Peer 1: 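My questions all concern the structure below.
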Amino acid sequence: MTHWIDVRSDTVTTPTPAMRTAMAEAEVGDDVYQDDPTVNRLEELAAEMTGKEAALFVPSGTMGNQLAVMTHTTPGDEMIVGARCHIVDHEVGASPRLCGVGYAIVDHPDNIIRPEDVRRLVRPDDIHCPTTTLLCLENALADGNVVPLDVMQATYRQAKACGLAVHLDGARLFNAALALGVGARDITALADSVMVCLSKGLCAPVGSMLCGSAAFVASARKYRKMLGGGMRQVGILAAAGILALTEMTKRLADDHANAAMLADRLAAIPGVTVARERVEINMVFWRPEAEKFSPELFAEFMRGRGIRTSGPHNGEYRFLTNKDVSAADAARVADAVREYMASL
């Protein structure tokens with residue numbers, strides 16, 4: 001079988017052999033009745049690792065984020081969000097459609113929300129205005145950067161001074177903590193709720209955790225049922241999630257190192273410009289500068305060498321390293337890009 005190198009995302013990882021064994025042997029119950037012991041263990045673990053009272057196992061990060069919006073807000077409210085955050089850019093307009101909540105957009109080149117943004121965008125107590133009730137933060141950011149802890153602290157304090165709830169999209173929380181040199185709980189202390197993906201870089205086949213206060217999670221659990229996310233003998237999946245949190249979080253430094261190496265090798269290729277300042281976790285963003293560059297032919301060329309890539313977004317490519325992309329694989333990706341660029 002062909003060994004494919006897949007740099008489209010860190011969601012493409014396959015479960016480890018230990019995960020497959022744990023899934024096969026998992027003790028299960030009915031999670032809607034909250035008597036699946038493996039799910040219960042996963043939720044207790046996630047709550048402890050994020051420093052929250054409780055946690056909820058959900059099918060996806062998108063559902064986790066939208067459950068948080070539903071729980072923190074009332075239809076007709078407005079929430080402060082980054083222009084290119086996952087909730088706005090990659091969740092199919094779910095917040096206005098499912099939650100009835102509008103966006104107050106922060107649009108900065110570095111995608112970081114600061115205290116002055118919160119002060120500026122909180123609506124006045126006016127009959128004509130929606131009520132601002134929620135600030136949504138992200139760390140790590142979708143552009144590969146991480147938000148410095150002192151900036152996040154100041155923004156969180158401003159939000160609380162304005163009476164807002166704060167939700168953190170922490171899909172790659174453990175990558176952010178590693179890049180910042182802090183503990184995950186140092187980041188999650190700056191949010192009332194947090195969503196963490198088990199399937200982004202942590203190799204679980206499916207699932208995310210939504211963590212917060214006991215009252216918050218109880219409400220989110222009911223909304224999860226409303227959205228069709230009430231699962232039954234889902235301990236089979238939760239077993240992989242436990243290993244994602246206890247084992248796979250410990251190896252993320254490899255992915256960061258491989259991303260840095262890949263960025264350096266790409267930057268050495270004539271006609272390639274790498275956003276090196278944004279290589280803080282496992283993401284590498286780069287642009288082809290050659291006039292004859294064809295996204296379609298490039299994708300075909302890479303596939304011919306056993307490499308799966310996504311197409312460009314606004315002219316920029318994103319390569320992600322993960323458990324299934326070794327250092328040798330990353331070097332092979334760079335060599336293939338060099339070969340294609342030299343052919344133009």
Side-chain angles (χ1 to χ4, degrees), residues 1-17 19-20 61 86 89-90 140-145 171-172 175 178-179 197-206 244 248 251-344:
M1 185 172 65
T2 301
H3 168 57
W4 283 93
I5 302 172
D6 198 333
V7 292
R8 292 174 298 172
S9 179
D10 49 5
T11 62
V12 300
T13 50
T14 54
T16 66
M19 283 182 175
R20 293 178 184 273
H86 195 278
D89 238 11
H90 296 288
L141 295 169
D143 68 358
N145 275 336
R172 297 183 178 91
N175 294 90
L178 175 63
C197 277
L198 304 174
S199 57
K200 280 186 174 174
L202 301 184
C203 303
V206 66
M248 304 313 290
R251 57 153 309 280
L252 293 176
D254 294 341
D255 296 342
H256 291 202
N258 289 339
M261 180 268 286
L262 174 58
D264 289 342
R265 292 179 73 112
L266 289 173
I269 299 172
V272 169
T273 299
V274 176
R276 193 63 182 82
E277 73 283 357
R278 286 158 56 196
V279 185
E280 296 196 278
I281 54 171
N282 63 324
M283 297 184 184
V284 179
F285 292 86
W286 63 278
R287 289 179 180 273
E289 304 296 347
E291 289 185 9
K292 294 182 179 180
F293 186 94
S294 165
E296 294 77 19
L297 293 178
F298 174 70
E300 182 180 346
F301 180 90
M302 296 297 275
R303 282 196 302 270
R305 280 146 185 80
I307 301 167
R308 292 190 174 106
T309 63
S310 293
H313 179 67
N314 294 327
E316 187 175 60
Y317 280 87
R318 183 187 78 161
F319 286 174
L320 277 79
T321 54
N322 57 67
K323 182 265 295 181
D324 293 333
V325 177
S326 66
D329 291 335
R332 183 173 146 197
V333 170
D335 289 344
V337 174
R338 178 183 290 277
E339 185 182 353
Y340 179 77
M341 297 301 291
S343 72
L344 299 180

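This is a predicted model, so every value here is computed, not measured.
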Peer 1: Show the nearest heavy-atom pair for residues Ala268 and Pro270, with the distance to one decimal.
Peer 2: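 For Ala268 and Pro270, the tightest heavy-atom pair comes out as O-CD, 3.5 Å.
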Peer 1: I need the full list of salt bridge (Lys or Arg N to Asp or Glu O under 4.0 Å) pairs touching residues 309-321, with sequence neighbours left out, sorted by first then second residue.
Peer 2: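 As it turns out, the salt bridge (Lys or Arg N to Asp or Glu O under 4.0 Å) pairs with a partner in residues 309-321, which skip direct neighbours, are Arg278-Glu316.
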Peer 1: Quick check: does any side chain N or O of Arg287 sit under 3.5 Å from a backbone N or O of Asn314, one acting as donor and the other as acceptor?
Peer 2: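 Between the backbone of Asn314 and the side chain of Arg287 there is a qualifying donor-acceptor contact (under 3.5 Å).
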Peer 1: Under 4.5 Å between any side-chain heavy atoms of Lys323 and Thr16, yes or no?
Peer 2: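 With C-beta onward as the side chain, the pair touches.
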Peer 1: Listed by chain and number, what are the ring-ring contact (aromatic ring centres under 6.0 Å, His included) partners of His86, not counting sequence neighbours?
Peer 2: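 Once residues adjacent in sequence are excluded, the partners of His86 under the ring-ring contact (aromatic ring centres under 6.0 Å, His included) criterion are His90.
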Peer 1: Any chance you could measure Arg20, atom CZ, to Thr14, atom OG1, to the nearest 0.5 Å?
Peer 2: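 If I round to the nearest 0.5 Å, the distance is 6.0 Å.
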Peer 1: Tell me, yes or no, whether the heavy-atom count around Glu291 atom CD, taken from other residues, nucleotides or ligands under 6.0 Å, exceeds 12.
Peer 2: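 Open: at most 12 neighbouring heavy atoms sit under 6.0 Å from CD of Glu291.
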Peer 1: Can you tell me how far the NE2 atom of His3 sits from the CD1 atom of Ile307, to the nearest 0.5 Å?
Peer 2: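 One finds 9.5 Å between NE2 of His3 and CD1 of Ile307.
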Peer 1: Find out whether Thr13 and Leu202 are in side-chain contact, i.e. whether some heavy atom of one side chain is under 4.5 Å from a heavy atom of the other.
Peer 2: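 No; the side chains remain at least 4.5 Å from each other.
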Peer 1: Once rounded to the nearest 0.5 Å, what's the spacing between atom CZ of Arg8 and atom CG of Leu320?
Peer 2: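 Answer for the CZ-CG pair, Arg8 versus Leu320, is 11.5 Å.
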Peer 1: Let me know which of Tyr340, Trp286, Phe285 forms a ring pair (Phe, Tyr, Trp, His ring centres under 6.0 Å) with Tyr317.
Peer 2: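 Exactly one candidate clears the test, Trp286.
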Peer 1: How many angstroms lie between CG in Leu178 and CD1 in Ile281, if you round to the nearest 0.5 Å?
Peer 2: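 Going from CG on Leu178 over to CD1 on Ile281, the span is 10.0 Å.
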Peer 1: For the CZ atom of Arg308 and the CE atom of Met302, what is their distance to the nearest 0.5 Å?
Peer 2: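 The CZ atom of Arg308 sits 12.5 Å away from the CE atom of Met302.
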Peer 1: Is any side-chain heavy atom of Asn258 less than 4.5 Å from a side-chain heavy atom of Val325?
Peer 2: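 No - every pair of side-chain heavy atoms lies 4.5 Å or more apart.
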Peer 1: Once salt bridge (Lys or Arg N to Asp or Glu O under 4.0 Å) is applied, what residue pairs with a partner in residues 327-344 remain, sequence neighbours excluded?
Peer 2: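 Non-adjacent pairs meeting salt bridge (Lys or Arg N to Asp or Glu O under 4.0 Å): Arg265-Asp335, Arg305-Glu339.
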Peer 1: Measure the CG-OG1 distance between Leu266 and Thr273 for me, rounded to the nearest 0.5 Å.
Peer 2: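 Here the interatomic distance stands at 11.0 Å.
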Peer 1: Between Phe293 and Pro288, which heavy-atom pair has the shortest distance, and what is it?
Peer 2: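 Where Phe293 meets Pro288 most closely, the heavy atoms are CD1-CB, 3.5 Å.
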Peer 1: If we only count heavy atoms from C-beta on, is the Arg172 to Asn282 side-chain gap below 4.5 Å?
Peer 2: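 A side-chain contact exists here, since the closest heavy-atom pair is under 4.5 Å.
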Peer 1: What closest approach, in Å, do Ala204 and Ala244 show between heavy atoms, and which atom pair accounts for it?
Peer 2: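 Looks like CB-CB, 4.2 Å.
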Peer 1: Any ring pair (Phe, Tyr, Trp, His ring centres under 6.0 Å) involving residues 256-278? Give me the pairs, sequence neighbours left out, ordered by first then second residue.
Peer 2: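 Pairs touching residues 256-278 that pass the test: none.
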Peer 1: Give me the atom names and distance for the closest heavy-atom approach of Gly271 to Met341.
Peer 2: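 That closest heavy-atom pairing would be O-CE, 3.3 Å.
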Peer 1: Going by salt bridge (Lys or Arg N to Asp or Glu O under 4.0 Å), name the residues that satisfy it together with Arg251, two or more places apart in sequence or in a different chain.
Peer 2: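 Partners of Arg251 under the salt bridge (Lys or Arg N to Asp or Glu O under 4.0 Å) test: Asp255.
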Peer 1: Using side chain to side chain contact (heavy atoms under 4.5 Å, CB included) as the criterion, list what pairs up with Asp264, not counting sequence neighbours.
Peer 2: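 Arg276.
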Peer 1: Heavy atoms only: give me the nearest Cys197-Gly61 pair and the separation to one decimal.
Peer 2: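 Taking every non-hydrogen atom into account, SG-CA, 4.0 Å.
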Peer 1: For a quick test of reading the model, state the closest non-hydrogen atom pair linking Ala263 to Val274 and the distance between them.
Peer 2: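 So the two residues come closest at O-CG2, 3.8 Å.
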Peer 1: Kindly indicate whether the side chain of Asp324, heavy atoms from C-beta on, has any atom under 4.5 Å from the side chain of Asp6.
Peer 2: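 In short, these two side chains do not touch, never coming nearer than 4.5 Å.
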Peer 1: When you measure from the side chain of Ser9 to the backbone of Val12, do you find a donor-acceptor pair of N or O atoms at a distance under 3.5 Å?
Peer 2: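 A pair under 3.5 Å: no.
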